[in-house]
Amino acid sequence: MAAHMLSFRMAAATLVVLASAFAGLAAHAAETVLVSRELKEKYRRPSETPFPKSNPFDAAKAELGKHLFFDPRLSRTGAISCASCHNPGFDWSDGLPRGVGVTGVPLPRKTPTVLNAAWLTALMWDGRAGSLEQQAALPLTAEHEMGMPLDEMVTRLKGIDGYARLYEAAFPGQEIGIENTLAALATYERTLVSNPAPFDRWIEGDESAISEEAKRGFVVFNEAGRCNKCHSSWRFTDDSFHDIGLASEDIGRGEFAPPTVVIMRHAFKTPSLRDLRFTGPYMHDGSMKTIGEVISHYEDGGKARPSLSPEMKAIKLTKQERDDLIAYLKTIQGQPLETAIPRLP
Amino acid sequence: MIFLRAVWAMCLMALVSGAVHAAEHRVVIHHMELQAIEGVKHVGDVIIFDNQSDMAHNLYITYPDGTVDNLDTQVPGTQRKLTLRQAGPAVVRCWIHPIIKAEFEILPASAAQKP
């Protein structure tokens, strides 16, 4: 009888264990996030970095550009280099709400990263430069950034022993000039590409590269959160201009559009989310300190005004969705792109 | 009376003739791409931009003299009409999405369209 009871109990216990195992499997299956291949394809990294035909890649040119990028003598005071604001240690930005240049006067906007600049089609927050070559001249000459007239920059570079050799290697037979200096800077900047992130490995097919939480966050990013409306492509930007309803007085791209183009008032370029620094600050004016604050802004839908982007619609996320979204955003951070600072001539 | 009827008929014919020659061209916007603006375009022709993408656009045309006609914000599923008003090379772009760009040639108005 006792033996019979024991085997009955063992059988019952086995059933409970099996039932629990099946329940666990079912729950796990329910949690597995399935994402279409088509959606994933939209975020696949390109295999090559684009260089324009007018300024193709050349190793000596990139090397010269790197020296110029890190050389503070390109600024009026000799104290600020491109790398002062686009600091590799801060993911090629400066970690400040708004940049600070040679005069110490805070600039009107946050310093954007230069990572993945090779793919940009409109540069600066308001898109007033159409290429990296054009863009390079803007901070160099801006009064409160580097404050250096370009002809004076050339004179100064000609007076530094060692640059002649670097220019000769990059541009054989050419003198040090404005155009080749800007071309070298642009070439170097095009070599600054984000390292692959766990998200990229997931896109390539490694299902274990990111957590289920992050996969759910990817779905939130593309659906309930509407983030993909502007933060699209492998760089998580549409390279386009939107008023997202911040309180700032800065009219952004509106400064360059006729007054009848209402939609461009307060419009700024969508920043990339790749290698986002989770220490903030965020937004073009550095006005938000935490990622939670940023998500709340999008939940509220931004300041209602005629220029508010039609893509801005108030959304409602649960705490779980917010957490998933943040978990996802962390998967688009690769290892920092580090570089050895060159010894300047 | 007969004379008046004749004048009225001639006016109608002129109107009909003008309508025939001021052609309409339809250009579809898909995502961030404009369908190619093909075919011969004349001053007075109308281009209808049909936004079949899932995002808002704000197209504008720049004429050879630098003047600009703005088509205002165009949400998905809507159309905007542009009447071409100057001959020469023209470019259509989007204020929101600068990557959108279409260049084409506008010919002078055809004889039938001239007053």
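Here is the naming used below: chain letters follow the sequence lines, and residue numbers restart at 1 for every chain. Just so it is clear, the model here is predicted, and its values are computed rather than measured.
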Is any side-chain heavy atom of Arg253(A) closer than 4.5 Å to one of Trp95(B)? yes
Please determine whether the number of non-hydrogen atoms from other residues, nucleotides or ligands lying under 6.0 Å from atom CD of Glu33(B) exceeds 12. no
Between Ala257(A) and chain B, with a heavy-atom cut-off of 4.5 Å, which part of the residue counts as in contact: side chain, backbone, both or neither? both
Determine whether more than 12 heavy atoms belonging to other residues, nucleotides or ligands lie under 6.0 Å from atom NZ of Lys42(A). no
Distance col, row Glu311(A):CD vs Asp54(B):CG, nearest 0.5 angstrom, shows 7.5 Å
Just how far is it from atom CE of Met32(B) to atom OG of Ser233(A), taken to the nearest 0.5 Å? 8.5 Å
Take atom CZ in Arg45(A); do more than 12 heavy atoms of anything else shown fall under 6.0 Å from it? yes
Contact between Pro310(A) and Thr73(B) at the side-chain level, heavy atoms closer than 4.5 Å - yes or no? yes
With chain B, which of Asp239(A), Thr270(A), Asp238(A) has the greatest number of heavy-atom pairs at distances under 4.5 Å? Asp238(A)
Decide if atom CD of Glu179(A) counts as having more than 12 heavy atoms of other residues, nucleotides or ligands within a radius under 6.0 Å. no
When you compare the side chain of Pro258(A) with that of Tyr60(B), does any pair of heavy atoms fall below 4.5 Å? no
Atom of Ser240(A), atom of Ile96(B) and distance for their closest heavy-atom approach: CB-O, 3.0 Å
Does a side-chain heavy-atom distance below 4.5 Å link Lys229(A) with Met55(B)? no
Evaluate whether atom CD1 of Ile48(B) has more than 12 neighbouring non-hydrogen atoms of other residues, nucleotides or ligands under 6.0 angstrom away. yes
Is Val261(A) close to Asn58(B) at the side-chain level, that is, under 4.5 Å between some pair of heavy atoms? yes
